[in-house]
Every structure is written in C-alpha cells, then in structure tokens.
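See below for the structure under consideration.
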Amino acid sequence: MGKNHALIVDDHPFVGRGIANFLITHCRFKQAYVVTDEEGCYRHFRENEPPGLLVLDFWLPSSTALRLLKEVKQLYPKMRLLVISGDESNDIRQKVRTAGAHGFVLKSEPPEMFSKAVSALMENNTWFLHDRFECIEKDNFKINKFNFTPRQKEVLHMIMRGLPNKKIAAQLSISEPTVKEHISHILKKMGVNTRMEAITLLHGNLEPYK
C-alpha cells in the first residue's frame, strides 16, 4: 500500500488537479494522481501500487461513489477513503459512512478543514463532522460544562470552522497573541492538547479506525 501517494477520482480535471497539488503541498504526499471515473480508478489500481488515500467525488459521471466505495473497501481494507461533495444534503454523509468511507468533507469548507480531515484519516481516525458548525450551539450540554467565557466561545466557533489564528484575530479585531492565549485556555479547560482533539471531544465523531 503506497501510504505516501494518493488518488483523486473527480470528473472535473481542474478540481482534481487542485486537490492533488494541495495534497502534495500541504499534506506531505509524495505523489497524487487524478482520474475522472470508476474505470480510471480500477485501471490505476492495476497499473500502480494501490494508494494510501483515495479521494472520491460523491457524484461520479455514471452514478454516485457508493458502489465504488463498497468495492474498494472489500478489495483494499487498509486504504483510507475520503469522500468530497458540493452537495450539502444531510443524507450523503450517512450514506458514504455506511458504504465504508472513513471521512466526508464538503467542497465549500475551508482548505484547512480538508487538511485536518486528511490528517485524521492518515492517523487511522475517521472524520464526520456535524452538518453545520452552528450545531455547537445546540450541544450546550457539552459546551457549558467547560465554563467558557463568551470570547472563548467565539474563538471556539472559528476553530471548528477551520480558521487559522490570523483570520480569527482579524474577524474578532484582536491580536494573534491574544487569539493564541484564548486557544490555550480553551484547550486547557477541555483537557486536550490540540485543536483536532477539541473537535473530537465536542463532536464525538472521530473514532479510532478498527
């Protein structure tokens, strides 16, 4: 299994190449290939070492990615499977999860979120965030127990959106050192060390891969 190389299946070559370049530039993959359909995917498997990561657009030219997901899961159980989609239908996330995907990311989400998802998958975790980040407000029973200040809650929302410190500082009109201080307090209150661990704890949607 070629853990350091990825395959993207997307019928929009421009989008696929963009994802491939991002994986190489920001996610430490040595190689990333692009095919446009299921046939190209299987041909790549036959002609090359199977990739460590397979990124699938949910809507493929002839159908959805569900059948391909199930087949690849059976053939290559150790391959990490990430589905992306521009469709925000609530059903898709559950369908791809049931079919065997290890993660799902909307195309409308920030690049930082895609990077976090890839990192989670390659560390043998899964990535299925809730449908909208506003769901944090609905999970007040999880939030309130940490006794966050109003400002810490604002910073936490932006962390969950994948915003870097610089953008958080700009949106809240505060300095980056102040943002870092808020994040330090947030992580300490939650008893975690990283942003990803904070997301894991709040959403309860990142599980060790079995």
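Reckoned from all heavy atoms, side chains included, excluding hydrogens, waters and symmetry mates.
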Seminar exercise, completed: When every non-hydrogen atom of K95 is compared with those of L66, the smallest separation belongs to O-CD2, 3.6 Å

Exercise. Are the side chain of T98 and the backbone of Q94 linked by a donor-acceptor contact shorter than 3.5 Å?
Worked result: yes

Seminar exercise, completed: Minimal heavy-atom distance between V105 and A117, with the atoms involved, is CG2-CB, 3.5 Å

Exercise. Is there a side-chain contact between S85 and K107 (heavy atoms, below 4.5 Å)?
Worked result: no

For this session: Taking the side chain as every heavy atom from C-beta outward, state whether L69 and V96 have any pair of such atoms under 4.5 Å apart.
Result: yes

Exercise. Between E112 and P164, which heavy-atom pair has the shortest distance, and what is it?
Worked result: OE2-CD, 3.6 Å

Exercise. Side chains of F146 and L156: closer than 4.5 Å at any heavy-atom pair?
Worked result: no

Atom pairs and distances, donor-acceptor, side-chain atoms in residues 18-34, under 3.5 Å, two or more places apart:
residue, atom, partner, partner atom, Å
N21, ND2, R17, O, 3.3
T25, OG1, N21, O, 2.8
Q31, OE1, Y33, OH, 3.2
Q31, NE2, Y33, OH, 3.0

Exercise. Can you name the nearest heavy-atom pair linking P61 to D37, along with the distance?
Worked result: CG-CB, 4.2 Å

Problem set entry | E176 side chain near K166 side chain, heavy-atom distance below 4.5 Å | yes

For this session: Determine whether T149 and H185 make a side-chain contact, defined as any pair of heavy atoms from C-beta on separated by less than 4.5 Å.
Result: no

List, one per line, each side-chain donor-acceptor pair under 3.5 Å for residues 188-196, sequence neighbours excluded.
residue, atom, partner, partner atom, Å
K189, NZ, N147, O, 2.8
K189, NZ, Q152, OE1, 2.9
T194, OG1, E197, N, 3.2
R195, NH1, L163, O, 3.1
R195, NH2, N165, OD1, 2.1

Exercise. Among side-chain atoms of K153 and H182, is any donor-acceptor pair under 3.5 angstrom?
Worked result: no

Exercise. Should H102 and K73 be marked as a side chain to side chain donor-acceptor pair (under 3.5 Å) after you check the CA-CA gap, both sets of side-chain angles, and the distance that decides it?
Worked result: CA-CA 10 Å; H102 302 113; K73 180 78 171 181; 3.0 Å; yes

Exercise. Just checking, is any N or O donor in the side chain of E123 or S119 under 3.5 Å from an acceptor N or O on the other one?
Worked result: no

Exercise. Which atoms form the tightest heavy-atom contact between L187 and A198, and what is the distance?
Worked result: CD2-CB, 4.1 Å

For this session: Answer yes or no: is there a side-chain heavy-atom contact under 4.5 Å between W59 and T64?
Result: yes

Seminar exercise, completed: The residue among I8, V118, L81 that forms side chain to side chain contact (heavy atoms under 4.5 Å, CB included) with L53 is V118

For this session: May I ask you to establish whether R93 and F104 are in a cation-pi arrangement, using a distance under 6.0 Å from NZ or CZ to the six-membered ring centre and at most 45° from the ring axis?
Result: no

Problem set entry | Point-to-point distance, once rounded to the nearest 0.5 Å, from CG of L68 to SG of C41 | 4.5 Å

For this session: Verify whether the ring centers belonging to Y76 and F45 lie closer than 6.0 Å.
Result: yes

Problem set entry | Side-chain donor/acceptor of N125 to backbone N/O of L121, under 3.5 Å | no

Seminar exercise, completed: All heavy atoms of S63 vs all of E38, minimum pair found to be OG-OE2, 3.5 Å

Exercise. Do V35 and R43 have side chains that get closer than 4.5 Å, going by heavy atoms?
Worked result: no

Exercise. Does the side chain of I183 come within less than 4.5 Å of I159's, by heavy atoms?
Worked result: yes

Exercise. What distance do I84 atom CD1 and I92 atom CD1 have between them, rounded to the nearest 0.5 Å?
Worked result: 12.0 Å

